[in-house]
Amino acid sequence: MQDALDQRLRLLAHLTLAGTLLTALVILVGAWTRLVDAGLGCPDWPGCYGRLLVPDSEHAALRHPDVPLEPFKAWVEMAHRYVASFLGLIVISVVALGWSLRHRPGYPWRVSVALLVVILIQGAFGAFTVTLKLWPQVVTLHLLGGLSVLMLFFWLYLRVRHSLKNMMLARQPVNLLWAASIGLLVLQLALGGWVTSNYAGIACQGFPTCNAQWWPEMDLSEGFHLTQTVGPNYLHGQLHADARTAIQVVHRIGALFLGVVLMVLWWRYRRLVFVGRALAVVVGAYVVQVVLGIANVLLWLPLWLALLHTAGAVVLTLSVGWAWWRWRQGYDAVPVQHSLTAVTAER
(Lines give C-alpha, C1' and ligand atoms only; values in the text may rest on other atoms or scores of the structure.)
Protein backbone atom coordinates (compact mmCIF):
# COMPACT_ATOMS: atom_id res chain seq x y z
CA MET A 1 0.00 0.00 0.00
CA GLN A 2 2.76 2.40 0.97
CA ASP A 3 4.70 1.54 -2.19
CA ALA A 4 1.65 2.32 -4.32
CA LEU A 5 1.25 5.70 -2.63
CA ASP A 6 4.92 6.50 -3.11
CA GLN A 7 4.69 5.56 -6.79
CA ARG A 8 1.72 7.88 -7.16
CA LEU A 9 3.68 10.66 -5.50
CA ARG A 10 6.59 10.09 -7.87
CA LEU A 11 4.23 10.23 -10.84
CA LEU A 12 2.77 13.46 -9.48
CA ALA A 13 6.26 14.89 -9.05
CA HIS A 14 6.98 14.16 -12.72
CA LEU A 15 3.62 15.56 -13.82
CA THR A 16 3.96 18.78 -11.85
CA LEU A 17 7.49 19.33 -13.13
CA ALA A 18 6.25 18.72 -16.70
CA GLY A 19 3.38 21.12 -15.98
CA THR A 20 5.81 23.79 -14.81
CA LEU A 21 7.89 23.49 -17.98
CA LEU A 22 4.82 23.35 -20.23
CA THR A 23 3.35 26.44 -18.56
CA ALA A 24 6.55 28.32 -19.32
CA LEU A 25 6.20 27.20 -22.94
CA VAL A 26 2.55 28.33 -23.04
CA ILE A 27 3.56 31.77 -21.74
CA LEU A 28 6.24 32.07 -24.42
CA VAL A 29 3.90 30.90 -27.19
CA GLY A 30 1.37 33.44 -25.92
CA ALA A 31 4.00 36.16 -26.10
CA TRP A 32 4.91 35.05 -29.63
CA THR A 33 1.23 35.14 -30.60
CA ARG A 34 0.94 38.70 -29.34
CA LEU A 35 4.21 39.88 -30.88
CA VAL A 36 3.29 38.66 -34.38
CA ASP A 37 -0.15 40.32 -34.04
CA ALA A 38 -1.92 36.94 -34.11
CA GLY A 39 -4.03 37.48 -30.98
CA LEU A 40 -7.10 37.93 -33.17
CA GLY A 41 -5.98 35.47 -35.84
CA CYS A 42 -9.17 33.57 -35.04
CA PRO A 43 -12.17 35.86 -34.41
CA ASP A 44 -14.03 33.29 -32.30
CA TRP A 45 -13.32 30.89 -29.44
CA PRO A 46 -12.56 28.04 -28.76
CA GLY A 47 -12.48 27.14 -32.44
CA CYS A 48 -11.24 29.09 -35.42
CA TYR A 49 -14.03 30.28 -37.71
CA GLY A 50 -16.15 27.59 -36.11
CA ARG A 51 -13.66 24.77 -36.69
CA LEU A 52 -11.15 23.01 -34.43
CA LEU A 53 -8.61 23.28 -37.26
CA VAL A 54 -7.93 26.40 -39.29
CA PRO A 55 -10.34 26.23 -42.27
CA ASP A 56 -9.86 27.36 -45.83
CA SER A 57 -10.56 30.93 -46.94
CA GLU A 58 -13.94 30.02 -48.44
CA HIS A 59 -15.33 28.65 -45.17
CA ALA A 60 -13.81 31.56 -43.20
CA ALA A 61 -15.48 34.09 -45.49
CA LEU A 62 -18.85 32.42 -44.98
CA ARG A 63 -18.43 32.26 -41.21
CA HIS A 64 -16.95 35.72 -40.61
CA PRO A 65 -17.12 37.76 -43.82
CA ASP A 66 -15.92 40.86 -41.95
CA VAL A 67 -12.66 39.19 -40.80
CA PRO A 68 -10.49 37.91 -43.67
CA LEU A 69 -8.53 34.75 -42.89
CA GLU A 70 -4.77 35.12 -42.45
CA PRO A 71 -3.62 31.48 -42.27
CA PHE A 72 -0.28 32.09 -40.54
CA LYS A 73 -1.82 34.17 -37.74
CA ALA A 74 -4.72 31.76 -37.38
CA TRP A 75 -2.39 28.77 -36.99
CA VAL A 76 -0.24 30.66 -34.47
CA GLU A 77 -3.32 31.45 -32.40
CA MET A 78 -4.60 27.87 -32.60
CA ALA A 79 -1.16 26.47 -31.69
CA HIS A 80 -1.35 28.54 -28.51
CA ARG A 81 -4.78 27.12 -27.75
CA TYR A 82 -3.72 23.53 -28.42
CA VAL A 83 -0.76 23.75 -26.05
CA ALA A 84 -2.87 25.49 -23.40
CA SER A 85 -5.54 22.78 -23.70
CA PHE A 86 -2.93 20.07 -23.18
CA LEU A 87 -1.79 21.95 -20.08
CA GLY A 88 -5.37 21.86 -18.81
CA LEU A 89 -5.40 18.08 -19.22
CA ILE A 90 -2.26 17.85 -17.07
CA VAL A 91 -3.95 19.91 -14.36
CA ILE A 92 -6.99 17.60 -14.40
CA SER A 93 -4.67 14.57 -14.20
CA VAL A 94 -2.85 16.05 -11.20
CA VAL A 95 -6.13 16.65 -9.36
CA ALA A 96 -7.45 13.18 -10.23
CA LEU A 97 -4.25 11.43 -9.12
CA GLY A 98 -4.11 13.48 -5.94
CA TRP A 99 -7.68 12.67 -4.88
CA SER A 100 -6.67 9.50 -3.03
CA LEU A 101 -3.83 11.39 -1.31
CA ARG A 102 -5.90 14.33 -0.13
CA HIS A 103 -5.89 13.15 3.51
CA ARG A 104 -2.20 12.20 3.53
CA PRO A 105 -0.27 14.47 5.95
CA GLY A 106 1.81 16.98 4.02
CA TYR A 107 0.16 16.40 0.64
CA PRO A 108 -0.72 19.79 -0.94
CA TRP A 109 -4.31 18.99 -1.91
CA ARG A 110 -5.48 22.58 -1.52
CA VAL A 111 -2.73 23.77 -3.85
CA SER A 112 -3.98 21.25 -6.44
CA VAL A 113 -7.53 22.56 -6.13
CA ALA A 114 -6.28 26.15 -6.38
CA LEU A 115 -4.39 25.20 -9.55
CA LEU A 116 -7.57 23.76 -11.08
CA VAL A 117 -9.55 26.89 -10.22
CA VAL A 118 -6.88 29.21 -11.64
CA ILE A 119 -6.55 27.21 -14.90
CA LEU A 120 -10.33 27.42 -15.39
CA ILE A 121 -10.24 31.18 -14.83
CA GLN A 122 -7.28 31.38 -17.19
CA GLY A 123 -9.30 29.61 -19.87
CA ALA A 124 -12.07 32.18 -19.43
CA PHE A 125 -9.53 34.99 -19.81
CA GLY A 126 -8.33 33.33 -23.01
CA ALA A 127 -11.86 33.55 -24.37
CA PHE A 128 -12.30 37.15 -23.22
CA THR A 129 -9.01 38.10 -24.86
CA VAL A 130 -10.58 37.26 -28.22
CA THR A 131 -14.20 38.33 -27.63
CA LEU A 132 -13.16 41.66 -26.09
CA LYS A 133 -10.64 42.24 -28.90
CA LEU A 134 -7.43 42.37 -26.86
CA TRP A 135 -8.81 44.68 -24.17
CA PRO A 136 -5.61 45.62 -22.25
CA GLN A 137 -7.07 44.80 -18.83
CA VAL A 138 -7.90 41.25 -19.90
CA VAL A 139 -4.59 40.74 -21.72
CA THR A 140 -2.67 41.85 -18.61
CA LEU A 141 -4.73 39.63 -16.31
CA HIS A 142 -4.26 36.75 -18.76
CA LEU A 143 -0.48 37.15 -18.47
CA LEU A 144 -0.64 37.31 -14.67
CA GLY A 145 -2.89 34.26 -14.70
CA GLY A 146 -0.31 32.35 -16.72
CA LEU A 147 2.41 33.28 -14.24
CA SER A 148 0.10 32.22 -11.39
CA VAL A 149 -0.37 28.80 -13.01
CA LEU A 150 3.40 28.59 -13.40
CA MET A 151 4.04 29.27 -9.73
CA LEU A 152 1.26 26.96 -8.52
CA PHE A 153 2.68 24.13 -10.63
CA PHE A 154 6.20 24.85 -9.34
CA TRP A 155 5.06 25.11 -5.73
CA LEU A 156 3.09 21.89 -6.11
CA TYR A 157 6.18 20.17 -7.50
CA LEU A 158 8.27 21.33 -4.55
CA ARG A 159 5.61 20.24 -2.06
CA VAL A 160 5.15 16.80 -3.66
CA ARG A 161 8.89 16.22 -3.74
CA HIS A 162 9.04 17.27 -0.09
CA SER A 163 6.21 14.88 0.75
CA LEU A 164 8.13 12.01 -0.87
CA LYS A 165 10.85 12.52 1.71
CA ASN A 166 8.28 12.29 4.54
CA MET A 167 9.51 15.61 5.90
CA MET A 168 7.32 18.01 7.85
CA LEU A 169 6.99 21.56 6.57
CA ALA A 170 8.93 24.09 8.63
CA ARG A 171 7.23 27.35 7.75
CA GLN A 172 9.14 30.48 8.67
CA PRO A 173 6.94 33.49 9.49
CA VAL A 174 6.54 36.01 6.68
CA ASN A 175 8.46 39.24 7.25
CA LEU A 176 8.16 42.68 5.68
CA LEU A 177 11.23 42.36 3.46
CA TRP A 178 10.02 39.19 1.75
CA ALA A 179 6.50 40.58 1.43
CA ALA A 180 7.84 43.78 -0.17
CA SER A 181 10.03 41.80 -2.59
CA ILE A 182 7.22 39.54 -3.75
CA GLY A 183 4.73 42.41 -3.87
CA LEU A 184 7.03 44.54 -6.01
CA LEU A 185 7.75 41.59 -8.30
CA VAL A 186 4.01 41.05 -8.88
CA LEU A 187 3.55 44.78 -9.50
CA GLN A 188 6.43 44.85 -11.98
CA LEU A 189 5.08 41.82 -13.82
CA ALA A 190 1.70 43.55 -14.03
CA LEU A 191 3.40 46.70 -15.35
CA GLY A 192 5.20 44.59 -17.94
CA GLY A 193 1.88 43.13 -19.03
CA TRP A 194 0.39 46.64 -19.20
CA VAL A 195 3.31 47.79 -21.35
CA THR A 196 2.88 45.00 -23.87
CA SER A 197 -0.94 45.05 -23.93
CA ASN A 198 -0.87 48.78 -24.71
CA TYR A 199 2.02 48.46 -27.20
CA ALA A 200 4.23 50.78 -25.17
CA GLY A 201 7.43 48.75 -25.52
CA ILE A 202 9.20 51.37 -27.65
CA ALA A 203 7.31 54.44 -26.48
CA CYS A 204 10.65 55.71 -25.19
CA GLN A 205 13.59 56.07 -27.54
CA GLY A 206 16.94 55.73 -25.82
CA PHE A 207 18.16 54.73 -22.39
CA PRO A 208 18.54 55.86 -19.61
CA THR A 209 16.71 58.92 -20.92
CA CYS A 210 13.35 58.69 -22.64
CA ASN A 211 13.03 60.55 -25.93
CA ALA A 212 16.18 62.52 -25.02
CA GLN A 213 14.63 63.70 -21.72
CA TRP A 214 15.01 62.54 -18.16
CA TRP A 215 11.36 63.38 -17.46
CA PRO A 216 9.49 63.42 -20.79
CA GLU A 217 5.95 64.58 -21.50
CA MET A 218 3.60 61.98 -20.01
CA ASP A 219 -0.12 61.46 -19.56
CA LEU A 220 -0.31 59.30 -16.45
CA SER A 221 -4.09 59.55 -16.05
CA GLU A 222 -4.72 58.25 -19.57
CA GLY A 223 -1.89 55.72 -19.48
CA PHE A 224 -3.27 54.08 -16.34
CA HIS A 225 -6.95 54.63 -17.02
CA LEU A 226 -8.22 51.18 -16.06
CA THR A 227 -11.79 51.69 -17.26
CA GLN A 228 -11.02 51.94 -20.95
CA THR A 229 -14.00 51.42 -23.24
CA VAL A 230 -14.81 47.82 -24.08
CA GLY A 231 -15.52 47.41 -27.77
CA PRO A 232 -12.76 48.88 -29.95
CA ASN A 233 -10.19 46.60 -31.52
CA TYR A 234 -7.12 47.09 -29.32
CA LEU A 235 -4.69 45.46 -31.76
CA HIS A 236 -1.70 47.88 -31.91
CA GLY A 237 -3.23 49.89 -29.05
CA GLN A 238 -5.54 52.87 -28.72
CA LEU A 239 -3.49 55.19 -26.48
CA HIS A 240 -1.74 58.34 -27.66
CA ALA A 241 2.04 58.78 -27.45
CA ASP A 242 2.22 60.59 -24.08
CA ALA A 243 0.08 57.92 -22.41
CA ARG A 244 2.31 55.13 -23.74
CA THR A 245 5.38 57.05 -22.63
CA ALA A 246 3.94 57.23 -19.11
CA ILE A 247 3.48 53.46 -19.05
CA GLN A 248 7.05 52.85 -20.21
CA VAL A 249 8.57 55.30 -17.70
CA VAL A 250 6.60 53.85 -14.76
CA HIS A 251 7.74 50.37 -15.82
CA ARG A 252 11.36 51.55 -15.71
CA ILE A 253 10.88 53.13 -12.28
CA GLY A 254 9.26 49.93 -11.04
CA ALA A 255 12.25 47.93 -12.25
CA LEU A 256 14.57 50.24 -10.30
CA PHE A 257 12.62 49.83 -7.05
CA LEU A 258 12.41 46.07 -7.52
CA GLY A 259 16.18 45.87 -8.04
CA VAL A 260 16.88 47.83 -4.86
CA VAL A 261 14.62 45.61 -2.76
CA LEU A 262 16.05 42.39 -4.24
CA MET A 263 19.58 43.59 -3.51
CA VAL A 264 18.60 44.39 0.08
CA LEU A 265 17.00 40.95 0.38
CA TRP A 266 20.16 39.26 -0.90
CA TRP A 267 22.36 41.34 1.43
CA ARG A 268 20.17 40.46 4.39
CA TYR A 269 20.43 36.69 3.80
CA ARG A 270 23.75 36.43 1.97
CA ARG A 271 25.45 34.62 4.88
CA LEU A 272 22.95 31.77 4.80
CA VAL A 273 24.27 29.06 2.50
CA PHE A 274 21.23 27.85 0.57
CA VAL A 275 19.06 30.95 0.76
CA GLY A 276 21.99 33.23 -0.05
CA ARG A 277 22.87 31.22 -3.15
CA ALA A 278 19.24 31.13 -4.29
CA LEU A 279 18.99 34.90 -3.86
CA ALA A 280 22.24 35.35 -5.79
CA VAL A 281 20.49 33.55 -8.67
CA VAL A 282 17.53 35.93 -8.24
CA VAL A 283 19.79 38.98 -8.48
CA GLY A 284 21.55 37.49 -11.52
CA ALA A 285 18.20 36.83 -13.23
CA TYR A 286 17.11 40.38 -12.44
CA VAL A 287 20.29 41.87 -13.96
CA VAL A 288 19.87 39.80 -17.13
CA GLN A 289 16.24 40.88 -17.36
CA VAL A 290 17.19 44.54 -17.07
CA VAL A 291 19.85 44.14 -19.79
CA LEU A 292 17.27 42.48 -22.05
CA GLY A 293 14.79 45.29 -21.40
CA ILE A 294 17.36 47.95 -22.29
CA ALA A 295 18.38 46.03 -25.42
CA ASN A 296 14.75 45.82 -26.52
CA VAL A 297 14.46 49.59 -26.34
CA LEU A 298 17.75 50.31 -28.09
CA LEU A 299 17.19 47.71 -30.85
CA TRP A 300 13.52 48.60 -31.40
CA LEU A 301 11.95 45.45 -30.01
CA PRO A 302 13.08 42.63 -32.33
CA LEU A 303 10.92 39.51 -32.02
CA TRP A 304 13.62 37.19 -30.68
CA LEU A 305 14.74 39.71 -28.07
CA ALA A 306 11.19 40.45 -26.94
CA LEU A 307 10.65 36.69 -26.47
CA LEU A 308 13.85 36.50 -24.43
CA HIS A 309 12.54 39.33 -22.23
CA THR A 310 9.37 37.31 -21.59
CA ALA A 311 11.51 34.24 -20.84
CA GLY A 312 13.51 36.39 -18.43
CA ALA A 313 10.32 37.28 -16.56
CA VAL A 314 9.54 33.56 -16.26
CA VAL A 315 13.03 32.75 -14.95
CA LEU A 316 12.96 35.66 -12.48
CA THR A 317 9.56 34.56 -11.16
CA LEU A 318 10.69 30.96 -10.72
CA SER A 319 13.96 31.98 -9.07
CA VAL A 320 12.14 34.17 -6.53
CA GLY A 321 9.76 31.28 -5.83
CA TRP A 322 12.71 28.92 -5.34
CA ALA A 323 14.45 31.32 -2.96
CA TRP A 324 11.19 31.88 -1.06
CA TRP A 325 10.75 28.10 -0.73
CA ARG A 326 14.26 27.65 0.66
CA TRP A 327 13.81 30.42 3.18
CA ARG A 328 10.32 29.31 4.23
CA GLN A 329 11.48 25.74 4.83
CA GLY A 330 14.43 26.82 6.97
CA TYR A 331 17.09 25.23 4.76
CA ASP A 332 19.78 27.19 6.62
CA ALA A 333 20.28 26.61 10.31
CA VAL A 334 23.67 28.32 10.50
CA PRO A 335 25.51 31.09 8.63
CA VAL A 336 28.06 30.38 5.91
CA GLN A 337 31.18 30.70 8.04
CA HIS A 338 29.76 28.29 10.63
CA SER A 339 28.96 25.73 7.92
CA LEU A 340 32.49 25.95 6.54
CA THR A 341 33.90 25.47 10.03
CA ALA A 342 31.75 22.36 10.48
CA VAL A 343 32.88 20.92 7.14
CA THR A 344 36.52 21.52 8.04
CA ALA A 345 36.09 19.86 11.42
CA GLU A 346 34.51 16.76 9.76
CA ARG A 347 37.53 16.45 7.49
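- Side chain to side chain, Ser221 and Asp219 meet the donor-acceptor criterion of an N or O pair below 3.5 Å.
- Between atom CD of residue Gln7 and atom CG of residue Leu9 there is a gap of 10.5 Å, rounded to the nearest 0.5 Å.
- Taking the side-chain contact (heavy atoms from CB on, under 4.5 Å) definition, one finds that Leu307 meets it with Ala31, Trp32, Leu35, Leu303, sequence neighbours left out.
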From CA spacing to verdict: side-chain contact (heavy atoms from CB on, under 4.5 Å), Val275, Arg326: CA-CA 6 Å; Val275 176; Arg326 288 197 162 205; 4.2 Å; yes

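- Side-chain contact between Pro43 and Val130 is absent, with no heavy-atom pair separated by less than 4.5 Å.
- Taking all atoms of both residues into account, the shortest heavy-atom contact from Val249 to Cys210 is CG2-SG, 4.1 Å.
- Remark: Glu217 CD is loosely packed, at most 12 non-hydrogen atoms of other residues, nucleotides or ligands lying under 6.0 Å away.
- In this structure, Leu52 places its CG atom where only 12 or fewer heavy-atom neighbours from other residues, nucleotides or ligands lie under 6.0 Å away.
- Each ring-ring contact (aromatic ring centres under 6.0 Å, His included) pair with one or both residues in residues 56-93, not counting sequence neighbours, appears once here: Tyr49-His64.
- Under the 4.5 Å side-chain contact rule for hydrophobic residues, Leu116 and Val26 share a cluster.
- Looking at heavy atoms from C-beta onward, His142 lies out of side-chain contact with Phe128 at the 4.5 angstrom threshold.
- In plain terms, the two heavy atoms of Ser181 and Val261 that are nearest each other are OG-CG1, 3.1 Å.
- For the pair Leu191/Phe224, a side-chain contact is recorded, criterion being any heavy-atom separation below 4.5 Å from C-beta on.
- Closest of all the heavy-atom pairs between Pro55 and Cys48 is CD-O, 3.5 Å.
- For the residue pair Glu222 and His240, no side-chain donor N or O sits within less than 3.5 Å of a side-chain acceptor on the partner.
- With rounding to the nearest 0.5 angstrom, the CD atom of Gln205 is 5.5 Å from the CG atom of Asn211.
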Taking distance alone, no hydrogens or angles, what donor-acceptor pairs closer than 3.5 Å link side-chain atoms of residues 287-294 to residues at least two apart or in another chain?
unit_1: Gln289; atom_1: OE1; unit_2: His309; atom_2: ND1; d: 3.3
unit_1: Gln289; atom_1: NE2; unit_2: His309; atom_2: O; d: 2.9
unit_1: Gln289; atom_1: NE2; unit_2: His309; atom_2: ND1; d: 3.4

Worked verdict on Leu69 versus Val54 for side-chain contact (heavy atoms from CB on, under 4.5 Å): CA-CA 9 Å; Leu69 173 67; Val54 176; 4.0 Å; yes

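- Here the straight-line distance linking atom CH2 of Trp45 with atom OG1 of Thr129 works out to 10.0 Å at 0.5 Å rounding.
- Evaluated for a side-chain contact (heavy atoms from CB on, under 4.5 Å) with Tyr199, the options Leu134, Leu301, Leu239 yield exactly one hit, Leu134.
- Considering only heavy atoms from C-beta on, Ile90 comes within 4.5 Å of Phe153 through its side chain.
- Counting only N and O atoms by type, the side chains of Arg252 and Gln248 include a donor and acceptor under 3.5 Å apart.
- Note on Val250: it clusters hydrophobically with Leu226, by side-chain heavy-atom contacts below 4.5 Å among ILVMFWY residues.
- Summarising the local packing, CZ of Phe257 is surrounded by 12 or fewer heavy atoms from other residues, nucleotides or ligands at distances under 6.0 Å.
- Thr227 and His225 form a side-chain donor-acceptor contact under 3.5 Å, judged by distance and modelled atom types alone.
- Taking hydrophobic clusters as Ile, Leu, Val, Met, Phe, Trp and Tyr residues chained together by side-chain heavy-atom distances below 4.5 Å, Val281 does not share a cluster with Val273.
- A 4.5 Å side-chain heavy-atom check between Val76 and Val36 finds at least one atom pair inside the cut-off.
- How far CG of Leu189 is from CG of Leu144: 7.0 Å, rounded to the nearest 0.5 Å.
- Residue pairs that meet the ring-ring contact (aromatic ring centres under 6.0 Å, His included) test with at least one member in residues 87-125, sequence neighbours left out, are Trp99-Trp109.
- Between the CD1 atom in Ile202 and the CG atom in Leu299 there is a gap of 11.5 Å [rounded to 0.5 Å].
- Side-chain contact check for Thr20 versus Leu318: some heavy-atom pair is nearer than 4.5 Å.
- Close placement of the Trp325 and His162 rings is indicated, their centers lying within 6.0 Å of each other.
- Under the 3.5 Å distance criterion, the side-chain polar atoms of Thr140 are left unmatched by any main-chain donor or acceptor of Gln137.
- Contact of the Gln228 side chain with the Pro136 side chain is registered, since non-hydrogen atoms from C-beta on lie closer than 4.5 Å.
- If you chain together hydrophobic residues whose side chains sit under 4.5 Å apart, Leu147 and Trp322 fall into the same group.
- Scanning all heavy atoms of the two residues, the minimum distance from Leu143 to Gly193 falls at CD2-CA, 3.5 Å.
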Leu12/Leu101 under side-chain contact (heavy atoms from CB on, under 4.5 Å): CA gap, chis, key distance, verdict: CA-CA 11 Å; Leu12 282 165; Leu101 299 170; 3.6 Å; yes

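- If you take CG on Leu150 and CG on Leu87, they are separated by 10.0 Å, rounding to the nearest 0.5 Å.
- Put simply, the side chain of Leu17 does not reach to within 4.5 Å of the side chain of Phe154, judged on heavy atoms.
- Nearest heavy-atom pair, Leu156 versus Ser112, reported as atom, atom and distance to 0.1 Å: CD1-OG, 3.6 Å.
- Listed by first and then second residue, the salt bridge (charged side-chain N to carboxylate O under 4.0 Å, His left out) pairs involving residues 68-94 are Glu70-Lys73, Glu77-Arg81 (not counting sequence neighbours).
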Review item, side-chain donor-acceptor pairs of residues 262-269, under 3.5 Å, at least two apart:
unit_1: Tyr269; atom_1: OH; unit_2: Asn175; atom_2: ND2; d: 2.8

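- When all heavy atoms of Ala179 and Val174 are compared, the closest pair comes out as CB-CG1, 4.3 Å.
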Test side-chain contact (heavy atoms from CB on, under 4.5 Å) applied to Leu53 and Met78, step by step: CA-CA 8 Å; Leu53 296 175; Met78 288 307 293; over 6 Å; no

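- Under a hydrophobic clustering in which Ile, Leu, Val, Met, Phe, Trp and Tyr are joined whenever their side-chain heavy atoms come within less than 4.5 Å, directly or via other members, Leu316 and Leu256 fall into different clusters.
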